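The next block holds one structure in the form of structure tokens; read it before the comments.
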Amino acid sequence: MSLTFPVTPNPTPVADADRAAILANPGFGKYFTDHMVTATWTAGEGWHDGRVAAYGPITLMPSAAVLHYAQEIFEGLKAYRHADGSIWSFRPLANGQRLARSAARLALPVLPDEDFLASLSALVGVDRAWVPDVADGGEKSLYLRPFMYASEAFLGVRPANEVTYSVIASPAGAYFAGGLKPVTLWISEHFARAGSGGTGAAKCGGNYASSLAGQLEGIEHGCDQAVFLDSATQTFIEELGGMNLFFVTRDNRLVTPELTGTILEGVTRSSILDLGKELGLDPQERRIPIDEWKDGVASGEIREIFACGTAAVVTPVGELRWEGGSAPSTAGEAGGEVTNEIRRRLLDIQYGRVEDTHGWLTRLA
Ligand SMILES: *Cc1c(COP(=O)(O)O)cnc(C)c1O
């Protein structure tokens with residue numbers, strides 16, 4: 001039986017004027033809407049007790065398994081307001097299916113697609129006033145964060161028999177403060193985010209935890225983000241801590257690391273492979289040695305490099321640094337022509353400014 005999400009309204013919602021002030025300058029991940037979705041899974045009952053109630057602290061026993069063994073997964077997608085006031089999301093089924101694959105890898109229960117979609121509509125339905133206006137300046141959206149974790153109070157090591165699913169929502173402006181500026185990347189040579197047979201292809205908190213030391217090392221070297229290599233040989237480019245990578249070559253190939261099981265399959269990545277073809281580029285998924293980046297920038301073979309993901313959409317990549325060396329930026333002040341064209345196309349589809357010929361949009365409210 002499918003879940004339902006009856007609403008208990010927040011008795012003390014944020015005042016209209018305060019919400020308007022937040023939406024004028026939301027930043028990223030700082031403010032949250034008035035409500036959240038919750039549902040419970042137990043080994044005996046399956047999924048039950050879906051509900052929408054006030055956003056607020058959750059009660060967990062200190063022995064809750066997630067706090068010890070990190071049995072947790074999440075998703076990230078956005079709700080976009082179109083010019084007519086309707087609210088849409090971009091390929092939400094792809095997120096639901098990825099959540100199911102992540103669940104299988106982390107030995108968590110699968111949430112059916114229809115329940116996933118219903119949970120998003122339920123939250124956006126009550127908190128629709130939190131979806132920023134298009135007139136409100138460009139790229140604002142409501143970021144949706146579904147997540148699932150082992151809430152059972154038990155210290156034994158086995159898949160939890162009680163699991164909680166939630167969705168929270170946070171109004172979002174531009175992901176990187178300071179606008180569309182190329183990011184400088186650091187090659188993480190001492191720390192990997194994922195290994196063969198591990199959880200790299202699942203969207204789980206543990207992958208982010210293991211990426212932070214590399215990220216920190218990058219920041220200490222004046223970089224914005226770290227790029228991770230395959231852990232087995234330290235030879236091939238994988239991805240950033242939370243974004244996939246693309247290279248545009250002189251002869252119009254659009255190249256991205258192939259999915260080897262240690263790379264997260266981004267919805268943005270897969271959409272860009274489709275859009276690239278329509279732009280007359282030749283999309284390729286293959287292993288890319290890190291030396292190809294260093295040499296390709298020097299020879300002019302690589303024209304543009306960009307990173308992509310739901311939160312930051314498409315971000316130009318500038319300089320690459322490593323212990324004892326660097327490769328210069330190909331991105332100019334605000335990224336190359338192809339980078340910006342792909343970014344614009346994606347945003348035009350998401351905000352309903354062009355026809356959705358791919359059937360990528362789903363109405364939420
Ligand atoms: C979420 C994520 C991405 C981007 O995926 P999208 O579906 O495009 O948002 C890329 N890499 C990692 C490690 C991620 O967790």
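In listed order, ligands and their atoms are each counted from 1. None of the values given here were measured: they were computed from a predicted structure.
- Among all protein heavy atoms, the one lying closest to atom 14 (C) of ligand 1 is Lys203 NZ, 3.0 Å.
- The atoms of ligand 1 that sit less than 4.0 Å from any heavy atom of Arg193 are 13 (C).
- A side chain to side chain contact (heavy atoms under 4.5 Å, CB included) with Val66 holds for exactly one of Glu152, Glu72, Gln71; it is Glu72.
- The heavy atom nearest to atom 8 (O) of ligand 1, considering only Thr268, Leu77, Asn207, is found in Thr268.
- Note on Leu106 and Leu111: same hydrophobic cluster, where clusters join Ile, Leu, Val, Met, Phe, Trp and Tyr whose side-chain heavy atoms are under 4.5 Å apart, directly or indirectly.
- The aromatic rings of Tyr351 and Tyr80 sit perpendicular, their planes meeting at an angle over 60°, well past the 30° parallel limit.
- The closest protein non-hydrogen atom to atom 9 (O) of ligand 1 is Thr310 OG1, 2.6 Å.
- Below 3.5 Å of separation, one finds no N or O of Glu265 facing any N or O of ligand 1.
- In this structure, Arg98 is part of the shell of residues with a heavy atom less than 4.0 angstrom from ligand 1.
- Closest heavy-atom approach to atom 5 (O) of ligand 1 among the candidates Gly266, Ser102, Gly205: Gly266.
- The main-chain N or O of Trp186 is never found under 3.5 Å from a side-chain atom of Arg321 such that the two would form a donor-acceptor pair.
- In this pair, Trp293 and Phe247 present their aromatic rings perpendicular. The plane angle is above 60°, beyond the 30 to 60° band.
- Within the 4.0 Å heavy-atom cutoff, Ala311 does not count among the residues contacting ligand 1.
- Note on ring orientation: taking the six-membered ring where Trp is involved, the planes of Trp360 and Phe90 are perpendicular (angle over 60°, cut-offs 30° and 60°).
- For the residues Ile263, Val267, Leu245, the heavy atom positioned nearest atom 7 (O) of ligand 1 is part of Val267.
- Considering Arg145, Arg98, Lys203 as possible partners of Glu75, the one that fulfils the side-chain hydrogen bond (donor to acceptor under 3.5 Å, both in side chains) test is Arg98.
- Residues Asn95 and Gly76 come closest through the heavy atom pair ND2-O, 3.3 Å.
- Ligand 1 is never approached by Gly76 to a heavy-atom distance shorter than 4.0 Å.
- Side chain of Trp47 to backbone of Val110: a donor-acceptor contact under 3.5 angstrom is found.
- Close contacts between ligand 1 and Glu239 involve ligand atoms 10 (C), 11 (N), 12 (C), 13 (C) [criterion: under 4.0 Å to a heavy atom].
- In terms of protein heavy-atom proximity, atom 15 (O) of ligand 1 is closest to Tyr208 OH, 2.5 Å.
- Of the protein's heavy atoms, Gly242 O, 3.3 Å lies nearest to atom 3 (C) of ligand 1.
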